[in-house]
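Written out below as C-alpha cells is the structure these notes cover.
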Amino acid sequence: MSNLADLSIDFCGIKSPNPFWLASAPPTDKAYNVIRAFEAGWGGVVWKTLGEDPPAVNVSSRYSAIYGKNREVIGFNNIELITDRSLDINLREITAVKEAWPDRAIVVSLMLPCEEHYWADILPKVEATGADGIELNFGCPHGMPERGMGAAVGQVPEYVGMVTAWCKKHSKLPVIVKLTPNITDIRHPARAAKNGGADAVSLINTINSITSIDLERMVALPTVGSASTHGGYCGTAVKPIALNMVAEIARDPETRGLPISGIGGINNWRDAAEFIALGSGCVQVCTAAMLHGFRIVEEMKDGLARWMDSQGYRTIEEFRGRAVPNTTDWKYLDMNFKTIAHISQADCIGCGRCHVACEDTSHQAIARLVDEATGKRTYEVIDSECVGCNLCEITCPVQGCITMLPQQTGKAYMNWTQDPRNPRAEQVPTAA
C-alpha cells in the first residue's frame, strides 16, 4: 500500500494505529459492533455515551435524511438518545473489548447531571475497564438538554469548565470535551474546557434540525406516532460548519495547541486530510459508516497514506495544522489581489449556465456570442467586468472548463485595515 506514510497517532496520550475513529453513536453501542469495526481496521472508537441507571429509553422511529441526486444522503438527522443499555453491561463489554484489542483506542463517552457526586462515582468504574480516555458529551441537542445535560451544559462555558475540572479531579484518564455547534461562538466553551484542564476537545456534535415535513400528514420526519421533534443533524452537509469551528479553535490564541478531534461530514480520506490540515489530531466518523458500513475505513486509510506519500509526508504530524496559518480574518485579506475567469473553448459544451448565472445574479461579465452563419453559441469572459467571484466556475457542469487566473496588478499587499477606502483605516507610514 504505502512506502513511507505512517498513519499511527498519539492523541493527547491516546495511541492508535491510524487517525480514523468511530464517533460515539449507534455504531459504537455494543461490543459486537466495536469488534466488527476493529476487524475492519478502525483505529479507535468512542463508545456510545454512558449515563446513570436506569438507562435512557428511545423512541421509534429515529432517523430522517436530506437527499441529493439518486437518493444520495446529503444530511442525516437523528433523535436517538444515549445508550439504552445498563451501565454494568456496557462497562463489562468495554473491559472485554479493550483486553482483546489492546492496540486500538477506546474512549468512553459520558453524560451525567451537573452534580459532582455523579461524576465522582462513575469515573473510577470507567477507569477500571482499561479504557484509554473519556469524552464528555456536552453536545447532544435533543432529549437530554431538558434534563439538564448534553447541549444544556455545552452552551454554558462555566458549566463546561466546572464539569471538566471534576473529571480531571476524579480520574487520571485523558479528558476530551465534545462541544456543541448550537452556540454563537465556539471559542468560549473551548476556552472553558481548556481552563478546566481538558486534554483535548472534539467537535462538532450534531446541529439542531428539522429535515422535512410530511405535507400530507403535516408532521416532521422522523415521525413518532403523529408527532415529531427537532433532532441532531450530521453528515456531508455539516462538514463546512465543522471545518470552520475546528479552525476557530486552532487559531484562537487562547486555545491554540489544544488537541482537537475533528467530527462532521467525514466521508473519505480527503475529508479527513482537510480536518487534519486545520489542526485535528484524529477524526471521528459516524454517518458515513452508518450508510456504507465499516469497510469504508480501508479506502480511507489507503487514500490518506497514498496522498501523504505523494506529498512527502511521513507522519500525520508533518501536515497537521499546515492550513491554520493561511486561515485569517476577512480584514487581513489582500485587497489588491485580483483574479478573473477564463473559459476553455475546447472544453465548453455551450450550455450557457455561466452566462445566465452571471447575467442574472452577478456582474454581466460573460458575453453570449452567436455565429450568424452557423448559429453556434460561444461564451467569453469580459475581462474588464469580471470581479473574480467564482460563480461561473461553480455553475459550470464541466470540471476544469472555467478556471480562475490570478492577474499581475503590480500592487503590494494591502488589507482592509490599511485601505484608504476604509473610513477606519489605520495610518500607514509613507516613505520620506
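Quick note: numbers below take in every heavy atom, side chains included, and nothing from hydrogens, waters or symmetry partners.
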Heavy-atom neighbours of E299 CD exceed 12 at 6.0 Å = no
message = S8 vs N18, test: side chain to side chain donor-acceptor pair (under 3.5 Å). Steps then yes/no.
response = CA-CA 4 Å; S8 65; N18 63 70; over 6 Å; no
message = Under a 4.0 Å threshold between the charged nitrogen and the carboxylate oxygen, would D199 count as salt-bridged to K168?
response = yes
Contact check, side chains of I204 and T180, non-hydrogen atoms, under 4.5 Å = no
ask   = Can you list the steps and then say if L136 with I176 is a side chain to side chain contact (heavy atoms under 4.5 Å, CB included)?
value = CA-CA 6 Å; L136 312 186; I176 305 169; over 6 Å; no
request  = For N336 and A412, indicate whether the former's side chain and the latter's backbone hold a donor-acceptor pair under 3.5 Å.
outcome  = yes
message = Between N422 and N415 (side chain of the first, backbone of the second, donor and acceptor by atom type, cut-off under 3.5 Å), is there such a pair?
response = no
key: Polar side-chain atom of T339 near backbone of L405 as donor-acceptor pair, under 3.5 Å   = yes
key: Cationic N near anionic O, under 4.0 Å, E274 to K239   = yes
query = What are the two closest non-hydrogen atoms of A56 and I82, and how far apart are they?
reply = CB-CG1, 4.0 Å
Side chain proximity check, C396 to R353, heavy atoms < 4.5 angstrom = no
Shortest non-hydrogen contact from M308 toward A5 = CB-CB, 3.9 Å
ask   = Does the side chain to side chain donor-acceptor pair (under 3.5 Å) test come out yes or no for S24 and W47, once each step is laid out?
value = CA-CA 5 Å; S24 170; W47 203 278; over 6 Å; no
request  = Report yes or no: does T28 contribute a side-chain atom to a donor-acceptor pair with the main-chain N or O of K48 at less than 3.5 Å?
outcome  = yes
query = So, does Q311 use its side chain to make a donor-acceptor pair with the main chain of W307 at under 3.5 Å?
reply = no
request  = Check the pair S64 / N77 against side chain to side chain donor-acceptor pair (under 3.5 Å), numbers first and verdict last.
outcome  = CA-CA 5 Å; S64 62; N77 177 53; 3.1 Å; yes
ask   = Any idea which heavy atoms bring S362 and L391 closest together, and the distance?
value = OG-CD2, 3.1 Å
inquiry  = Before you tell me yes or no, could you show the steps for D29 and R85 under side chain to side chain contact (heavy atoms under 4.5 Å, CB included), namely the whole-Å CA-CA distance, both residues' side-chain angles and the distance that decides it to 0.1 Å?
reply    = CA-CA 9 Å; D29 185 40; R85 304 188 311 142; 4.2 Å; yes
task = Assign the ring pair W416 / W330 to parallel, tilted or perpendicular, where the plane angle (0 to 90°) is split at 30° and 60°.
result = perpendicular
query = If every non-hydrogen atom of F319 is compared with every non-hydrogen atom of A273, which pair is closest and at what distance?
reply = CE1-O, 3.7 Å
Shortest non-hydrogen contact from M404 toward E393 = CG-OE1, 3.4 Å
request  = Enter the distance from I106:CD1 to T129:OG1 here, rounded to the nearest 0.5 Å.
outcome  = 7.5 Å
task = Could you tell me whether the side chain of N244 and the main chain of A247 form a donor-acceptor pair under 3.5 Å?
result = no
task = Please check if atom CZ in R295 has more than 12 non-hydrogen atoms from other residues, nucleotides or ligands closer than 6.0 Å.
result = no
ask   = Is any NZ, NE, NH1 or NH2 atom of the basic residue among K98 and D132 found under 4.0 Å from an Asp or Glu carboxylate oxygen of the other?
value = yes
request  = Using a strict cut-off of less than 4.0 Å between a Lys/Arg side-chain nitrogen and an Asp/Glu carboxylate oxygen, indicate whether R36 and E39 qualify as a salt bridge.
outcome  = no
request  = Could you tell me how the ring of F38 sits relative to the ring of W101: parallel (under 30°), tilted (30 to 60°) or perpendicular (over 60°)?
outcome  = tilted
task = Answer yes or no: is there an ion pair linking E317 with R322, defined by an N-O contact shorter than 4.0 Å?
result = no
message = If we ignore hydrogens and angles and just use 3.5 Å, is the side chain of T255 paired with the main-chain N or O of I249 as donor and acceptor?
response = yes
Non-hydrogen atoms of N182 and N208 that approach each other most closely = OD1-N, 3.0 Å
remark   = In R191, H188, R187, the residue satisfying side-chain hydrogen bond (donor to acceptor under 3.5 Å, both in side chains) with D252 is R191
message = Taking R251 first and then E248, would you say they form a salt bridge - that is, a charged N and a carboxylate O separated by under 4.0 Å?
response = yes
message = Check for me whether the distance between the ring centres of F20 and W269 falls short of 6.0 Å.
response = no
query = Is it true that a side-chain atom of H363 and a backbone atom of E385 form a donor plus acceptor pair closer than 3.5 Å?
reply = no
Derivation of the side chain to side chain contact (heavy atoms under 4.5 Å, CB included) call for V201 and S261 = CA-CA 6 Å; V201 292; S261 180; over 6 Å; no
ask   = Going through the checks in order, is the side chain to side chain donor-acceptor pair (under 3.5 Å) test met by T223 and S228?
value = CA-CA 5 Å; T223 304; S228 188; 5.4 Å; no
message = Please verify the inter-ring angle class for Y63 with F76; under 30° counts as parallel, over 60° as perpendicular, anything in between as tilted.
response = tilted
inquiry  = For a 4.5 angstrom cut-off between non-hydrogen side-chain atoms, does C140 reach M111?
reply    = yes
Check: G68 main-chain N/O paired with R71 side-chain donor or acceptor under 3.5 Å = no
request  = Please report the C-alpha distance between Y379 and L369 in whole Å, then the side-chain angles of each, then the deciding distance to 0.1 Å, and finally whether the side chain to side chain contact (heavy atoms under 4.5 Å, CB included) criterion is met.
outcome  = CA-CA 6 Å; Y379 300 91; L369 307 176; over 6 Å; no
message = Is it true that, when you exclude Y332 itself, more than 12 heavy atoms of the residues, nucleotides or ligands shown sit nearer than 6.0 Å to its OH?
response = no
ask   = Is T164 reaching over with its side chain to a backbone N or O of A193, donor-acceptor style, under 3.5 angstrom?
value = no
